[in-house]
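Comments concern the structure below.
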Amino acid sequence: MTMDRIMLVCSAGMSTSLLVDKMEKSAAAQGIEADIFAVSATEAEAKLKETDNPVDVLLLGPQVRFLKAQFEAKVADQGIPVEVIDMKDYGMMNGEAVLKTAQNLIKK
């Protein structure tokens with residue numbers, strides 16, 4: 001079984017860090033192996049260039065939704081899905097729902 005690598009991106013990487021904790025707890029409870037991490041929008045590009053440990057899915061915080069087209073263009077050749085985290089799930093810090101979204105995007 002391969003470990004899914006899920007990258008969350010927001011303005012400073014701080015608010016999504018809280019969501020990462022919730023997603024990790026949900027993954028552990030479901031026996032899912034995933035490397036989930038949060039970065040700022042400025043750090044995201046460097047992470048995407050890591051070829052030895054590529055990202056499987058990129059989720060944007062609702063506050064940086066305007067960056068979606070920009071990131072889609074950057075990762076189009078790598079086949080990495082990009083999606084904006086649902087505002088309600090983000091606001092409620094619903095780690096289980098966001099994890100499910102990430103997994104569904106990876107399966108596509």
Side-chain angles (χ1 to χ4, degrees):
M1 178 181 219
T2 61
M3 179 179 287
D4 294 334
R5 193 155 193 247
I6 303 168
M7 182 167 79
L8 278 59
V9 177
C10 71
S11 297
M14 295 179 68
S15 57
T16 48
S17 292
L18 299 172
L19 186 56
V20 167
D21 288 341
K22 300 279 186 171
M23 292 174 70
E24 288 176 335
K25 288 178 183 171
S26 179
Q30 297 177 61
I32 297 169
E33 290 188 34
D35 176 16
I36 307 167
F37 60 97
V39 297
S40 69
T42 55
E43 295 170 311
E45 200 161 333
K47 285 287 185 185
L48 290 171
K49 290 180 179 175
E50 292 180 358
T51 56
D52 58 331
N53 201 3
V55 171
D56 293 304
V57 64
L58 190 162
L59 298 175
L60 295 166
Q63 70 274 38
V64 293
R65 69 176 51 243
F66 62 92
L67 297 173
K68 184 178 180 193
Q70 184 180 333
F71 276 108
E72 284 176 330
K74 286 180 183 177
V75 299
D77 62 334
Q78 300 173 62
I80 299 171
V82 178
E83 191 56 71
V84 177
I85 299 170
D86 179 82
M87 179 75 84
K88 183 179 175 188
D89 291 337
Y90 191 85
M92 299 293 289
M93 291 286 143
N94 188 341
E96 184 176 344
V98 178
L99 178 63
K100 185 175 180 180
T101 298
Q103 290 185 302
N104 287 338
L105 289 166
I106 292 169
K107 290 176 186 173
K108 288 184 179 177

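For clarity, every value in this text was computed on a predicted model and none was experimentally measured.
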The reported gap from CE in Met23 to CE in Met93 (rounded to nearest 0.5 angstrom) is 11.0 Å
Under 3.5 Å, side chain of Gln30 to main-chain N/O of Ala27, donor-acceptor pair present?
no
Verdict with reasoning, Asp89 to Glu96, per side-chain contact (heavy atoms from CB on, under 4.5 Å)
CA-CA 9 Å; Asp89 291 337; Glu96 184 176 344; over 6 Å; no
Identified side chain to side chain contact (heavy atoms under 4.5 Å, CB included) partner of Leu58 from the options Gln78, Lys47, Met7:
Met7
Looking only at atom types and distance, does a side-chain atom of Thr16 sit under 3.5 Å from a main-chain N or O of Leu19, one as donor and one as acceptor?
no
Walk me through it: do Gln63 and Tyr90 pass the test side-chain contact (heavy atoms from CB on, under 4.5 Å)?
CA-CA 10 Å; Gln63 70 274 38; Tyr90 191 85; 3.3 Å; yes
Hey, quick one: are Leu99 and Met92 part of the same hydrophobic cluster, counting side-chain heavy atoms closer than 4.5 Å, chains of contacts allowed?
no
Got Ile6 and Leu59 here, is their nearest side-chain heavy-atom distance under 4.5 Å?
yes
May I have the step-by-step check of side-chain contact (heavy atoms from CB on, under 4.5 Å) for Val20 and Phe37, ending in yes or no?
CA-CA 6 Å; Val20 167; Phe37 60 97; 5.6 Å; no
Taking all atoms of both residues into account, what is the closest heavy-atom pair of Val82 and Val75, and its distance?
CG2-CG2, 3.6 Å
Is Arg5 salt-bridged to Glu50, going by a charged N under 4.0 Å from an acidic O?
yes
Scanning both residues in full, the closest heavy-atom pair of Val84 with Pro62 reads CG1-CA, 4.0 Å
Indicate the atoms forming the closest heavy-atom contact of Gly95 with Ser26, along with that distance.
C-CB, 4.3 Å
Check whether Leu18 and Val98 end up in the same hydrophobic cluster, where Ile, Leu, Val, Met, Phe, Trp and Tyr are linked by side-chain heavy atoms less than 4.5 Å apart.
yes
Pair Glu72 + Lys68, salt bridge at N-O below 4.0 Å
yes
Closest heavy-atom contact between Ala44 and Val9?
CB-CG2, 3.9 Å
Does Ile36 reach the side chain of Leu8, with side-chain heavy atoms less than 4.5 Å apart?
yes
So, taking the atom named NZ in Lys74 and the one named CG in Leu48, what distance separates them when rounded to the nearest 0.5 Å?
8.0 Å
Quick one: are Leu60 and Ile85 in side-chain contact, heavy atoms under 4.5 Å?
no
